[in-house]
Amino acid sequence: MDKFRLFPVQGSSSAQQVDWLYYGLTAMLVFFCLLVFIPLIFFCIRYRRGAKVDRSNPSQGNNLLECGWTLLPLLIGLGFFVWGAVIYYHVERPPQDALQVQVVAKQWMWKLQHAEGKKEIDELHVPLGSNVELTMASQDVIHSFFIPAFRTKQDVVPGRYTTEWFHPTRLGEYHLFCAEYCGTDHSRMIGRVVVMRPADYQRWLTTGETGRSITLEGRRLFHDKGCSGCHVGSSVIHAPPLEGIYGKQVPLASGEIVTADDQYIRDSILLPAKQISAGYANLMPSFTGHISEEEIMQIIAYLKSIGDQPQGGK
Ligand code: HEC
Ligand SMILES: [Cu+2]
């Protein structure tokens, strides 16, 4: 039985929900298929040419039947819509306590980094029973991060961040695919996800080349890339302080108010002229071509980490 599988194994908390929806849809389709085709075949045979059956008194229509077969499918359709929407809502909203993993896609590999600093390529190690959130960026074209056993798939798009989360419920190794055609070697852009016992995961984090944590790496970059030259209180250039900016509402020169999330900070670094903060001049140089997606993610993690410190004004 294990050889013949219509569905991949259920490796995450959402897998079962997604599968039940599929079973439900399939059952409904089979039901309506039979409802149409069994009478159809029956009438084909019964009223075939030459058959001696009563053909008098043809039906003149039946309002109850008409309303019934219009309303019933409508209600069933809406029911499936609500069912699907509930699952979608669950799958699209990462929980607050999730472990953070940064993912950068490029032709043709996945580069991943854990918050503690451990990096890997085409492999993702995660602990059993924890929520894991991936923040993903692409260095070139559109890719898609697909783990069939977890029933999660999300496009990875250049120029913006997308996220994906899951809660592994089963130890083991699972396929990781790129599910968006991304060029010649797309079919080789594959890898594996390894779900480990939490203790094994902690041990794994500290073995091999571990590197510095993402936030420490971000702090180093903040100085090395020259950000700190402008973004400190004592700077000659009038630039906004960045302590506590993460997640805050930022007024822009255009009068708009935006939330300083990952995307906003990323755009501030690469396209500083796009959104100017109110009260400041457009003096920040663009770092396009001078900073990699990984480095931007590290700086964002650093800015996030200095978010809790008290600071003057907003
Ligand atoms: C030459 C000085 C200068 C340098 C270097 C510089 N910035 Fe800026 N930065 C500014 C100024 C001025 C603004 C305000 C105008 C604007 O929004 O573009 C700003 C705005 C920002 C904002 C938006 C802040 C807000 O309150 O909306 C962020 C985030 C930011 N910079 C991050 C960085 C990072 C990260 C680096 C290093 C990679 C960096 N900056 C390097 C001068 C600088
Ligand atoms: Cu790809």
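Both counts, for ligands and for their atoms, begin at 1 and track the order of listing. What you see below is based on every heavy atom in this structure, not just the backbone, and it leaves out hydrogens, waters and symmetry mates. Just so you know, residue 1 is the first one in the sequence shown, and it goes up from there.
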Could you tell me whether Glu293 and Arg266 make a salt bridge, using a distance below 4.0 angstrom between a side-chain N and a carboxylate O? yes
Pro285: heavy atom below 4.0 Å from ligand 1, yes or no? yes
Ile269 neighbourhood, listing ligand 1 atoms whose heavy-atom distance to it stays under 4.0 Å: 35 (C)
Look at atom 28 (C) of ligand 1 and say which protein heavy atom is nearest, naming residue and atom and giving the distance to 0.1 Å. Ser268 CB, 3.6 Å
Ligand 1 versus Leu221: contacting region, heavy-atom distance under 4.0 Å: neither
Under a 3.5 Å distance rule, please check whether Glu295 uses its side chain to pair with a backbone N or O of Leu221 as donor and acceptor. no
Any N or O of His231 closer than 3.5 Å to N or O of ligand 1: yes
State whether the number of non-hydrogen atoms from other residues, nucleotides or ligands found under 6.0 Å of Tyr22 atom OH is greater than 12. no
Protein contact of atom 10 (C) of ligand 1 - nearest heavy atom, named by residue and atom, plus distance: Met284 CB, 3.3 Å
Could you go through the side-chain contact (heavy atoms from CB on, under 4.5 Å) check for Thr163 and Glu133 one step at a time? CA-CA 7 Å; Thr163 59; Glu133 179 180 0; 3.6 Å; yes
Number the atoms of ligand 1 from 1 as they appear, then name those within less than 4.0 Å of a heavy atom of Leu242, with their elements. 24 (C), 28 (C), 29 (C), 30 (C), 32 (C)
Any salt bridge linking Lys274 with Asp267? Criterion: basic side-chain nitrogen under 4.0 Å from a carboxylate oxygen. yes
Should the heavy atoms of other residues, nucleotides or ligands under 6.0 Å from CZ of Arg188 be counted, would the total exceed 12? no
Tell me if the centroids of the rings in Phe37 and Phe42 come within less than 6.0 Å of each other. no
Looking at His125 versus Tyr201, is the centre-to-centre ring distance below 6.0 Å? no
Atom 18 (O) of ligand 1: closest protein heavy atom, distance to 0.1 Å, is Pro272 O, 3.4 Å
If we set the cut-off at 4.0 Å for heavy atoms, which region of Ser277 has an atom near ligand 1: side chain, backbone, both, or neither? both
Kindly identify the option in Ile245, Ile265, Leu270, Asp267 whose heavy atom sits closest to atom 26 (O) of ligand 1. Ile245
With heavy atoms and a 4.0 Å threshold, my read on which part of Ala273 contacts ligand 1 is neither
Those atoms of ligand 1 less than 4.0 Å from some heavy atom in Gln275: 17 (O)
Keeping the roles fixed (side chain from Arg151, backbone from Pro148), state whether a donor-acceptor pair exists under 3.5 Å. yes
Kindly give the atom name of the N, O or S atom of His143 closest to the Cu ion (ligand 2). ND1
Run the numbers for me: atoms of ligand 1, each under 4.0 Å from some heavy atom of Ala281, listed by number. 12 (C), 15 (C)
Are any of the side-chain heavy atoms of His175 and Arg192 separated by less than 4.5 Å? no
Indicate, as side chain, backbone, both or neither, the part of Ile299 found under 4.0 angstrom from ligand 1 when only non-hydrogen atoms are considered. side chain
Phe80 atom CZ, neighbour heavy-atom count above 12 within 6.0 Å: yes
What do you get for the angle at the Cu ion (ligand 2) between SG on Cys182 and SD on Met189, to the nearest 10 degrees? 100°
the protein heavy atom lying closest to atom 27 (O) of ligand 1 turns out to be Tyr264 OH, 2.3 Å
So if I count the atoms of ligand 1 from 1 in the order they appear, which ones are less than 4.0 Å from some heavy atom of Gly226? 5 (C)
If you compare Pro240, Ala278, Cys230, Gly229 by their heavy atoms, the one closest to atom 4 (C) of ligand 1 turns out to be Cys230
Starting from atom 36 (C) of ligand 1, find the nearest protein heavy-atom neighbour and note its residue, name and distance. Cys227 SG, 2.8 Å
Contact atoms of ligand 1, heavy-atom distance to His238 under 4.0 Å: 12 (C)
Counting heavy atoms only, which of Ser228, Ala253, Ala239 is nearest atom 11 (C) of ligand 1? Ala239
Sidechain-backbone polar pair: Gln263 side chain, Gly159 backbone, donor-acceptor under 3.5 Å: yes
Please find the pair of heavy atoms, one from Val195 and one from Leu171, that lie closest to each other, and give the distance. O-CD2, 3.5 Å
